[in-house]
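Structure first, commentary second.
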Protein chains: 2
Amino acid sequence: MTEIPGKAAGDTRSRILDAAERLFMEHGFDGTSMRMITSQAGVNLAAVNYHFGTKELLIQEVFRRRLTDLNRSRLAALEVLELEAAGASIKPSRIVDAFFGTALRMAADVEGGGHTFMRLLGRTYTEPNEFVRQFLAEEYAECVERFLAALYRALPEVDRKEILWRFHFMMGAMSYAIAGTDALQLVTGKFDDENPSQLAPRLMSFLLGGLRAPLAGFGGLK
Amino acid sequence: MTEIPGKAAGDTRSRILDAAERLFMEHGFDGTSMRMITSQAGVNLAAVNYHFGTKELLIQEVFRRRLTDLNRSRLAALEVLELEAAGASIKPSRIVDAFFGTALRMAADVEGGGHTFMRLLGRTYTEPNEFVRQFLAEEYAECVERFLAALYRALPEVDRKEILWRFHFMMGAMSYAIAGTDALQLVTGKFDDENPSQLAPRLMSFLLGGLRAPLAGFGGLK
DNA sequence: AATTCATTAAAACGTTTGTTTAAATCATAC
DNA sequence: GTATGATTTAAACAAACGTTTTAATGAATT
């Protein structure tokens with residue numbers, strides 16, 4: 001049971017997960033081979049299959065490792081808000097912060113790997129791979145449901161379908177802001193020199209502006 | 001030079017491009033094999049290499065075929081606005097519509113393939129593949145530069161860096177809204193039954209709300 | 001009718017893929 | 001110290017990959 005420095009028990013597992021996380025983020029799932037992962041992790045090729053079974057199960061574990069904590073933190077933040085409100089209505093901005101702000105704070109953790117993971121997660125929302133989509137949906141189901149319900153209560157005068165759309169839009173803006181920093185920086189001449197510390201307040205303000213925007217369908221469109 | 005119905009000259013090229021477009025959208029670039037493309041297109045395996053050279057050049061052609069028109073339309077819409085204004089300032093909402101509205105109108109064209117392409121394009125913004133990112137950046141450079149300049153002129157009192165960020169956020173919200181409809185629909189119980197006709201006005205209203213949101217940094221943060 | 005050039009067809013190329021096998025090595029318990 | 005179970009290692013597997021090659025087919029020109 002003694003932890004040996006340099007090569008502790010379970011060290012191989014962690015090394016694989018860390019290497020896979022970074023490589024999946026950089027090259028995608030199909031673009032990352034088992035050999036890339038194991039050589040980056042400094043372990044034998046067969047180690048992935050030994051510890052995780054298959055590549056798909058490794059992908060699943062890469063997500064579960066962090067996603068469980070993320071959504072637990074989100075729900076904990078929401079519960080704090082609900083307790084504080086004590087039955088009264090909660091400001092939508094607080095709810096948005098509990099969901100998106102929590103993710104942004106994780107994305108700000110560069111050293112611990114949270115930044116890498118959030119970039120990977122952002123890309124995965126639009127991942128073609130059916131298996132990954134299915135897994136993500138299940139992992140998110142409860143958390144999203146709870147937050148949507150909270151928003152419905154906080155905005156009782158707004159059609160629920162509209163809230164759903166706006167939640168969708170906010171997810172997109174955040175995912176892309178975290179994951180797609182490479183995309184436009186070539187066009188615009190790199191502007192992430194101060195990333196990601198300045199991202200959070202800017203994005204939050206944008207999201208709340210979008211959430212509060214007048215509903216479509218006033219100018220004749222419907 | 002006579003066009004023969006049923007199997008016209010260049011028909012093979014188009015069949016390949018159409019099949020590749022759909023398959024890339026569904027399975028990604030690495031997840032789509034040459035054999036998947038050629039069998040879906042009903043042509044011989046060697047046809048892709050004969051007509052396009054390599055898989056990478058095929059990918060490039062899939063994008064160029066539609067992207068050139070899209071950005072041409074965007075720039076044309078912007079020029080109309082600038083001519084109408086005749087030197088006076090242009091409303092930011094008009095500029096946003098010229099850029100994002102044009103894309104959304106293309107995405108609404110389901111039969112002509114514009115919908116498929118825009119979903120592919122949205123996914124590609126966060127594409128890990130270095131080669132694809134580089135190509136997209138070059139293809140977008142001029143158009144983005146022109147629109148950013150227009151927004152700078154329309155909002156002279158706003159720090160240009162802030163405008164750049166918000167443009168970035170808007171790109172994310174749109175890309176995700178078009179490309180990622182599968183992602184959350186599993187969670188939320190599918191809501192694209194009326195897609196994509198209702199998407200455009202809702203998204204435009206959200207984007208404008210975000211663009212007009214008060215800048216971050218009031219509450220002590222900077 | 002013969003020739004020419006573009007296109008299509010079938011088969012094979014060498015690599016790389018994820019996974020498995022079987023032997024070697026390790027730490028721990030008896 | 002010997003046995004045991006977990007882990008690591010090296011080697012090999014069939015399958016799938018993008019691409020190339022060589023021959024057959026097509027239509028238009030001379």
Side-chain angles (χ1 to χ4, degrees), chain A residues 1-63 127-132 135, chain B residues 1-63 127-132 135:
Chain A
M1 205 59 119
T2 316
E3 296 278 330
I4 289 153
K7 196 88 174 183
D11 191 40
T12 300
R13 270 184 68 97
S14 300
R15 294 169 67 88
I16 290 173
L17 287 171
D18 290 341
E21 185 175 68
R22 189 203 322 274
L23 288 167
F24 287 153
M25 185 269 284
E26 287 173 359
H27 307 105
F29 303 117
D30 290 326
T32 301
S33 69
M34 301 288 246
R35 285 159 181 85
M36 288 166 70
I37 296 170
T38 51
S39 74
Q40 170 110 193
V43 301
N44 187 269
L45 169 60
V48 173
N49 294 98
Y50 177 78
H51 285 281
F52 300 95
T54 66
K55 188 182 181 181
E56 283 204 341
L57 290 171
L58 168 64
I59 295 175
Q60 234 171 287
E61 189 55 30
V62 165
F63 281 100
E127 170 66 32
N129 190 318
E130 182 68 32
F131 156 78
V132 176
F135 168 75
Chain B
M1 204 61 118
T2 316
E3 296 281 330
I4 288 152
K7 195 84 175 184
D11 190 42
T12 300
R13 271 183 66 98
S14 300
R15 294 169 66 89
I16 290 173
L17 287 171
D18 291 341
E21 187 175 67
R22 189 202 324 271
L23 288 167
F24 287 153
M25 184 269 283
E26 287 174 358
H27 307 105
F29 302 117
D30 290 326
T32 301
S33 70
M34 301 290 246
R35 286 160 179 84
M36 288 166 71
I37 297 170
T38 51
S39 74
Q40 170 109 199
V43 303
N44 187 270
L45 169 60
V48 173
N49 295 96
Y50 177 80
H51 284 284
F52 299 95
T54 66
K55 188 182 181 180
E56 283 205 340
L57 289 170
L58 168 64
I59 294 174
Q60 238 173 287
E61 189 56 31
V62 164
F63 281 100
E127 169 67 33
N129 190 317
E130 182 68 32
F131 156 79
V132 175
F135 169 74

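Throughout, a chain's letter reflects where its sequence line sits, starting with A, and its residues are numbered from 1. The basis for the numbers below is simple: all heavy atoms, side chains too, and nothing from hydrogens, waters or symmetry mates. Predicted, not measured: the structure shown is a model, and the values here were computed from it.
Computed from coordinates, the A/Asn44 CG to D/dT9 C1' distance equals 5 Å when rounded to whole Å. Put simply, CG on B/Asn49 is 5 Å from P on D/dT19, counting in whole angstrom units. Atom C1' of nucleotide D/dT8 and atom CZ of A/Arg13 are separated by 16 Å, given to the nearest angstrom. Taking atom CG of A/Asp11 as the reference point, atom P of C/dA27 lies 14 Å away to the nearest angstrom. Across the protein-nucleic acid pair, A/Ile16 atom CD1 and C/dT19 atom P stand 13 Å apart, rounded to whole Å. We find that CZ of B/Phe131 is positioned 14 Å from P of D/dG18, with the value rounded to whole Å. The separation between A/Asp30 atom CG and C/dT17 atom P is 12 Å, rounded to whole Å.
The shortest distance between the side-chain N/O atoms of B/Thr12 and the OP1/OP2 oxygens of C/dT7 is not below 4.0 Å. A close approach under 4.0 Å does occur between a side-chain nitrogen or oxygen of A/Ser33 and OP1 or OP2 of C/dT17.
Of all non-hydrogen atoms in A/Phe52 and A/Ile16, the two that sit nearest each other are CE1-CG2, 3.7 Å.
One distance of note links NE2 of B/His27 with CD of A/Glu130; it measures 8.5 Å at 0.5 Å rounding. The line from CG of A/Leu17 to CD1 of A/Ile59 is 12.0 Å long, rounded to the nearest 0.5 Å. A/Leu45 CG to A/Ser33 OG: the interatomic distance, rounded to the nearest 0.5 Å, is 9.0 Å.
Checking C/dT21, C/dA6, C/dT19 against the side-chain heavy atoms of A/Ala46 singles out C/dT21 as nearest. Listed candidates were C/dT19, D/dT7, C/dA6. Nearest to the side chain of A/Met34 is C/dT19. Closest to the side chain of B/Leu45, out of C/dA11, C/dT20, D/dT9, is C/dA11. The side chain of B/Tyr50 approaches C/dT8 more closely than any other nucleotide in the set C/dT8, D/dA12, D/dT19. Proximity note for A/Arg35 (side chain, C-beta onward) versus D/dT19, D/dT8, C/dG18: the nearest is C/dG18.
Between A/Glu56 and A/Phe29, the closest side-chain pair of non-hydrogen atoms is not below 4.5 Å. A 4.5 Å side-chain heavy-atom check between A/Ile37 and A/Leu58 finds at least one atom pair inside the cut-off. In this structure, B/Gln40 and B/Arg15 have side chains that are not in contact, with every pair of non-hydrogen atoms separated by 4.5 Å or more. Using a 4.5 Å heavy-atom cutoff, the side chains of A/Lys55 and A/Val48 are not in contact.
Under the 3.5 Å distance criterion, the side-chain polar atoms of B/Thr32 are matched with a main-chain donor or acceptor of B/Leu23.
With sequence neighbours left out, the salt bridge (Lys or Arg N to Asp or Glu O under 4.0 Å) criterion links A/Asp30 to no other residue.
Listed in residue order, the members of residues 51-59 of chain B having a heavy atom less than 4.0 Å from DNA chain C are B/His51.
B/Thr32 comes within contact range of the sugar-phosphate backbone alone, with a heavy-atom separation under 4.0 Å but no base atom that close.
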Pairs counted only when both distances fall under 3.5 Å, Watson-Crick or G-U: show me the 5' to 3' dot-bracket for DNA chain D, [ ] for pseudoknotted crossings and | for other-strand partners. ||||||||||||||||||||||||||||||
